[in-house]
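A short worksheet on the structure shown next.
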Amino acid sequence: MVWVPFLIRYRLVSNKKVRVRFAPSPTGDLHVGNIRTALFDWAYARHTGGEFIFRIEDTDRERVTDEYIQAAIDTLKWLGLDWDEGPEVGGNFGPYLQSQRLDIYAEWAAKFLAQGDAYHCYCSSEELEARREAQKKANVAPGYDGKCREISADDLAKYKSEGRKPVLRMRMPDGSTTFTDSIRGEVTFDHNFVPDFVLVRGDGSPLYTLAVAVDDVMMKITHVLRGEDLLSSTPRQIRVYQAMGVAPEDYPTFAHLPFVMGQDNAKLSKRNGEVSIAWYRDRGFLPEAICNYLALLGWSPGEDRENVTMKELTELFTVERVHSSPARFDMKKLEAINGDKIRLLDIEDLLKRATPFLIKDEVITGTPEELAIVKSALPIIQERIATLAEVTPMLKFLFAKNFVIDVQELPKVKEAQAQDVLKKANEVLQDLTDWSHQSIEAALRAALIEGMGLKPRIAFGSVRVAITGSHISPPLFESMELLGRERSLARVAAAIV
RNA sequence: GGCCCCGUCGUCUAGUGGCCUAGGACUCUGGCUUCUCAAGCCAGCUACGCGGGUUCGAAUCCCGUCGGGGCUACCA
């Protein structure tokens, strides 16, 4: 009779509206790993029809800056990960910046102290450091030894006279903590290896361990999907829930996502691959391509599917299909997916996205005339580019004011055979009145292939370099049509020495 | 060192005891097509870390082992 408990469980779960949060600590630009987490949080919220909460964990004022916070907001927006509560949109459980919630943490901290769940610890950093060293030497599990759990009146007076500022420590009771991680199953931590941890610094500011647990409870978070690095901090978080008086059935469900790693099996960092999302944006990667690729790191839709839209992602995403093993980031695959996504774009959309790159690269200034040309050229390069940044090398020949042939290509154009081809081409093109790519092709084929008996790649290669300046280009005849009769003729003539 | 997590082609993955002489995708190699580069199509290379069990049968379950990673802060 397995179905009875299943039904009860199902009701319990389905009664509660899902609330998932993405809570980065912006100590730098959001990176690939952060975004993968954000994406899964978002996808899960959308899949379940729940709410996606965006919270900024800026309790470490030394490392989190306003610029990084703004960059995080912008990055999420750019990716299309919209949030229901958080910075800029507000919500009923705000504020959503931890630095603005200090009084809330202070209140709970005072309560924990009064309840005896937490205690003041006067040990100095140096003393702690020394004791840790000793523990290591003695081969004992390192961690706070509980010295200040009981402080004699004399010691207390002494500490105070020394002007020591105490930290607030959570008392970990004997025993163990077991919780069910949706991805890893049942996980148990013996409290012998979870020492009493600090909730509030000597200066009164809260630590992550306090703030994260308080906020998740106060914001009624039902599901915590976050990086695997936080797995071992979960028992501490649960300890705070207990001190807050939260019933076990109201604890959020945890799901610890596997890491995204760099090529060399180390955590992704600047050293082994670019990690900042801004870097990818500036190189012409599409947000939907980044999301699609990142979704495939640690998750798969199954059925040999890979290319999914954002909408399909929200429909298909389930935590059950997330794995527990880490994934390596592969730029080649990202590029392939980016190319696929570019090919799926309609021309108007592609134009809109590619234009900023052409302007930034000073190929165009953005006039309507220029945009019209770009638009008519995009269809012939759409399947030739993998990133938006590649429109520049593909199309710059159309706009060059002082057109010059690539120095590397020059010797080839100067060869006798190439010169013969160009002279012949110049001759027949002069007489050509219908400047359509079909007509250009017909004329050149007749003159160069049939007339001169040359192989197409040889003959057209020379013309290509004369016209586009490079041996890699969009299709030649279309390129000539786009360039126009006058300029095409001028370039062919100019290549004749 | 201790605790915890993880282990299928080079990479991402499918796979939840028989459908697996292990499927798909990226990469790579070869071919077709072809005005270059792409795209597209076809073909090929390459994987269940290792050793024991359990079972008629294991990539799938158990144990051990090895390897990788995380945590071990008044960081998150």
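Every chain is numbered from 1, with letters handed out A, B, ... down the list of sequences.
At the heavy-atom level, G298(A) lies under 4.0 Å from the strands shown only through sugar-phosphate atoms. Here T188(A) lies in heavy-atom contact (under 4.0 Å) with sugar-phosphate atoms only. Counting any heavy atom pair closer than 4.0 Å across all strands shown, T59(A) reaches sugar-phosphate atoms only and no base atom. When heavy atoms are screened at a 4.0 angstrom cut-off, G302(A) is found touching no nucleic acid atom at all. Within 4.0 Å (heavy atoms only), L444(A) reaches no atom of the nucleic acid at all.
One atom, CH2 of W299(A), and another, C1' of A14(B), lie 13 Å apart when rounded to the nearest Å. Rounded to an integer number of Å, the gap from CZ of R63(A) to P of C74(B) is 14 Å. Rounded to whole Å, the distance from CE on M331(A) to P on C26(B) is 18 Å. Going from atom CZ of F254(A) over to atom C1' of G70(B) covers 17 Å, rounded to whole Å. Put simply, CZ on F329(A) is 14 Å from P on U27(B), counting in whole angstrom units. What separates CD1 of I337(A) from P of U11(B) is a distance of 17 Å, to the nearest Å. Atom CE of M261(A) is separated from atom C1' of C12(B) by 13 Å (rounded to the nearest Å).
Distance noted for atom C1' between U34(B) and C41(B): 13 Å (whole Å). Between G40(B) and U16(B), the distance separating the two C1' atoms is 37 Å to the nearest Å. With P as the reference atom, C12(B) and A47(B) are 16 Å apart, rounded to whole Å. Between C26(B) and G44(B), the distance separating the two P atoms is 16 Å to the nearest Å. Atom name C1', nucleotides U11(B) and C45(B): the rounded distance is 15 Å, in whole Å. Across the C1' atoms, U65(B) and U46(B) are found 26 Å apart, a figure rounded to whole Å. Spacing between C56(B) and C50(B) at atom C1', rounded to whole Å, works out to 26 Å. Remark: the separation of the C1' atoms in A43(B) and C48(B) is 25 Å, to the nearest Å.
Pair assignment for C3(B): G70(B), on the basis of Watson-Crick or G-U wobble contacts that are both within less than 3.5 Å. Pair assignment for C20(B): none, as no Watson-Crick or G-U wobble contacts are both less than 3.5 Å. If you check C50(B) for Watson-Crick or wobble pairing at under 3.5 angstrom, you find it paired to G64(B). C41(B) is paired with G31(B) under the criterion used here, namely a Watson-Crick or G-U wobble arrangement in which both key atom distances are under 3.5 Å. Both distances falling under 3.5 Å, in either a Watson-Crick or a G-U wobble arrangement, occur for no nucleotide opposite A58(B).
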Distances under 3.5 Å only, N/O to N/O: pair up the protein atoms with those of nucleotides 31-41 of chain B.
residue, atom, partner, partner atom, Å
C35(B), OP1, R445(A), NH2, 2.5
C35(B), O2', R464(A), NH2, 3.0
C35(B), O2, R464(A), NH2, 2.3
C35(B), O2, L476(A), N, 3.4
C35(B), N3, L476(A), N, 3.3
U36(B), O2', H471(A), O, 2.7
U36(B), N1, R464(A), NH2, 3.3
U36(B), O2, H471(A), O, 3.4
U36(B), O2, S473(A), N, 2.8
U36(B), O2, S473(A), O, 3.1
U36(B), N3, R464(A), NH1, 3.4
U36(B), N3, S473(A), O, 2.6
U36(B), O4, R384(A), NH1, 3.1
U36(B), O4, P475(A), N, 3.3
C37(B), O2, R384(A), NH1, 3.2
C37(B), N3, R384(A), NH1, 2.1
C37(B), N4, R384(A), NH1, 3.0
A38(B), O2', E383(A), O, 2.7
A38(B), N1, E383(A), OE2, 3.0
A38(B), N3, E383(A), OE2, 3.4
A39(B), O4', E383(A), O, 3.3

Between protein and nucleic acid, restricted to nucleotides 20-25 of chain B and to nitrogen or oxygen atoms under 3.5 Å apart, what atom pairs and distances do you find?
residue, atom, partner, partner atom, Å
G23(B), N2, D304(A), OD1, 3.4
G24(B), N2, E306(A), OE2, 3.0
A25(B), O2', E306(A), OE1, 2.6
A25(B), O2', K333(A), NZ, 2.5
A25(B), N3, K333(A), NZ, 3.3

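Residues from residues 164-173 of chain A placing a heavy atom under 4.0 Å of any atom in RNA chain B, listed by number, are V167(A), R169(A).
Of the inter-residue distances, the one linking L168(A) atom CG with L210(A) atom CG reads 7.5 Å to the nearest 0.5 angstrom.
In this structure, R321(A) reaches the G15(B) phosphate: one of its side-chain N or O atoms is under 4.0 Å from OP1 or OP2. Residue H323(A) places at least one side-chain N or O under 4.0 Å from the OP1 or OP2 atom of A14(B). Within the structure, every side-chain polar atom (N or O) of R226(A) is placed at least 4.0 Å from both OP1 and OP2 of A76(B). When the side-chain nitrogen and oxygen atoms of S300(A) are compared with OP1 and OP2 of A14(B), one or more of them lie within a distance under 4.0 Å.
In this structure a side-chain-to-backbone donor-acceptor pair under 3.5 Å is present from Q419(A) to A495(A). One N or O on the side chain of Y144(A) and one on the backbone of C148(A) form a donor-acceptor pair closer than 3.5 Å.
Between Y122(A) and Y159(A), the ring-plane angle classifies as parallel under the 30° and 60° cut-offs. Note on ring orientation: taking the six-membered ring where Trp is involved, the planes of F254(A) and H256(A) are parallel (angle under 30°, cut-offs 30° and 60°).
Proximity of the aromatic rings of F460(A) and F477(A) is defined here by a centroid distance below 6.0 angstrom, and this criterion is met.
The pair R239(A)-D196(A) does not meet the salt-bridge criterion, since no charged nitrogen lies less than 4.0 angstrom from a carboxylate oxygen.
By the 6.0 Å contact criterion, CD on E62(A) is open, its count of non-hydrogen atoms from other residues, nucleotides or ligands being 12 or less. With a 6.0 Å radius and a threshold of 12 heavy atoms from other residues, nucleotides or ligands, D434(A) has its CG atom above the threshold.
When distances run from any side-chain atom of R184(A) to the nucleotides C12(B), C74(B), C5(B), the shortest one goes to C5(B).
Results of the ring pair (Phe, Tyr, Trp, His ring centres under 6.0 Å) test with H223(A) over F40(A), F22(A), Y44(A) single out Y44(A) as the only residue that passes. Of the options I381(A), L286(A), L345(A), a side-chain contact (heavy atoms from CB on, under 4.5 Å) to L350(A) is made by L345(A) and by none of the others.
By the side chain to side chain donor-acceptor pair (under 3.5 Å) test, H471(A) pairs with E409(A), sequence neighbours left out. Judged as a salt bridge (Lys or Arg N to Asp or Glu O under 4.0 Å), and not counting sequence neighbours, the contacts of K424(A) are E427(A). The salt bridge (Lys or Arg N to Asp or Glu O under 4.0 Å) search around R353(A) returns E288(A), D349(A), not counting sequence neighbours.
Both A327(A) and Y208(A) sit near RNA chain B, but only A327(A) has its closest nucleotide nearer the 5' end.
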